[in-house]
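So that the names make sense, note that chain A is the first sequence line, chain B the second, and so on, each numbered from 1. Only heavy atoms go into these numbers, but all of them, side chains included; no hydrogens, no water, no symmetry mates. These numbers come from a predicted model, not from an experiment.
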Amino acid sequence: MPELPEVEVVRAGLAPAVTGARVVAAEVRDPRALKRHVPLGGDDGLGGHGVTLPAEAAATRAADFERRVTGLTLGSPARRGKFMWVPVAAERPTAEPWSLLAHLGMSGQLLLRDTTALDDRHVRIRLWIEHPTHGELRLDFADQRLFGSLALDRLAPTPDGAPGGFGGDAEVPALLPVQAARIARDPLDPHFDDAEFVASARRRGSGIKQLLLDQSLVSGVGNIYADEALWRARMHPETPGRRISAARLTELLALLRDVFAQALAEGGTSFDEQYVNVNGQAGYFSRYLHSYGRTAEPCDRCGTKIERIPFAGRSSHFCPKCQRLR
DNA sequence: CAAGCTTCCTGCATGC
DNA sequence: TGCATGCAGGAAGCTT
């Protein structure tokens, strides 16, 4: 399940291969992988997410994407939370800036393959790219469960004038894909505002787990890293935000950064083989999980059995002794 | 504005 | 064996 560390591994893996490359051809095999793509000439009236596409609209969307992505020259990939995008070179200096946007959902993969490689499973969209030094490559978007998607999306200026997101060594302009406008900065972003997160969280009555998953407060956190950060902070997932001190929330952010950094160093978490890097390889952080997916196993701190409680149609995992609700 | 629910989707595990 | 059911997840877009 790609969360911030997994998306960052993919972004970094993509960078050397796509920066400066030109898209020479495109094939949309399944238009459902274009959920976030809005065809030019206005909205097709169908919105994106949560709408089953009638066949005609799906075909229009696929054709529009294939036509417009072909010939584009790609820039340096950037990321904010779980959203990732590659700016595309403008045809005219005055033209509006656009990007190729990717969200991996929960099973999306971006795979760099040799042009002669056999198909991976669930390839939904294929781009053939030509790089000045690496030659011709395939960039395949594979996605079993179709919660992810690619799109061409306009870039808009960031309200704070700071870079749109993280781009490794490359400088990221102060632009953000329109679809990521409501996504907060992530904790690894130097422009993330700890005080603003703390203040927002303390205004809310929802449980801290819920708040960590709210991408408008802090981005990049999913079910795995929310549970892991809360385990480290010894915080019960249902503790209301407004009952947590500013100091404890600041501490939680620091621990979240620690978990992210360690996961990144291990190449991410490949919990059920859904996540792989651009070469199809799994990450190793699942070995170091303390709470997520460890129901009934002993807590690494105190030996008490980890509990699983239902939460918003999924699960929270925590140690009932270390993480008390008071 | 906040909070809760539903929707999109497939593959695997479980139960009868 | 074969079928039905449940579950996993992110984020948008509803309603309350």
Watson-Crick or G-U counterpart of dT1(C), or none if no pair lies under 3.5 Å: none

Side-chain donor-acceptor contact under 3.5 Å, D194(A) with T250(A): no

Backbone of S315(A) reached by a side-chain donor or acceptor of N223(A) within 3.5 Å: yes

Base dA8(C) paired with R145(A) side chain (donor-acceptor, <3.5 Å): yes

Length of the line joining D153(A):CG and dA11(C):P, which is rounded to integer Å: 15 Å

Per H103(A) side chain, nearest of listed nucleotides dA11(C), dC8(B), dC12(B): dA11(C)

Phosphate contact (dA11(C) OP1 or OP2) by R36(A) side-chain N/O below 4.0 Å: no

Which nucleotide in dG10(C), dA12(C), dC9(B) has an atom nearest any side-chain atom of R32(A): dC9(B)

Side-chain H-bond candidate by donor/acceptor type, S291(A) with E228(A), under 3.5 Å: yes

Euclidean distance, atom CZ of residue R308(A) to atom C1' of dG6(C) [Å, nearest integer]: 11 Å

Whole angstrom value for the distance that separates P of dT7(B) from CZ of F147(A): 12 Å

Touch class at under 4.0 angstrom, heavy-atom based, for G148(A) against every strand present: nothing

side-chain N/O Q210(A) vs dG4(B) OP1/OP2, d < 4.0 Å: yes

Between dG10(C) (C1') and Y225(A) (OH): distance, integer Å: 15 Å

Touch class at under 4.0 angstrom, heavy-atom based, for R204(A) against every strand present: sugar-phosphate

Earlier contact from the 5' end, DNA chain C, for R182(A) and P2(A): P2(A)

Length of the CZ-P vector between F311(A) and dC7(C), whole Å: 16 Å

N/O donor-acceptor pair under 3.5 Å between R257(A) side chain and P187(A) backbone: yes

N/O (side chain, K35(A)) to phosphate O (OP1/OP2, dC8(B)) under 4.0 Å: no

Touch class at under 4.0 angstrom, heavy-atom based, for Q215(A) against every strand present: sugar-phosphate

Show me the side-chain donor-acceptor pairs of residues 232-239 of chain A shorter than 3.5 Å, one per line, residues at least two apart or across chains.
{"residue": "R232(A)", "atom": "NH2", "partner": "Q262(A)", "partner atom": "OE1", "Å": "3.2"}
{"residue": "H236(A)", "atom": "ND1", "partner": "E238(A)", "partner atom": "N", "Å": "3.0"}
{"residue": "T239(A)", "atom": "OG1", "partner": "H236(A)", "partner atom": "O", "Å": "2.6"}

Length of the line joining L146(A):CG and dG11(B):P, which is rounded to integer Å: 9 Å

Shortest non-hydrogen separation from A102(A) to L150(A) and the atoms involved: CB-CD2, 3.6 Å

Sugar-phosphate, base or nothing in reach of S315(A), heavy atoms under 4.0 Å: sugar-phosphate

Nearest-Å distance for atom pair CG/C1', residues N223(A) and dC7(C): 13 Å

Distance test, side-chain N/O of R314(A) to OP1/OP2 of dG10(C), below 4.0 Å: yes

Whole-Å gap separating P (dA8(C)) and CG (L104(A)): 21 Å

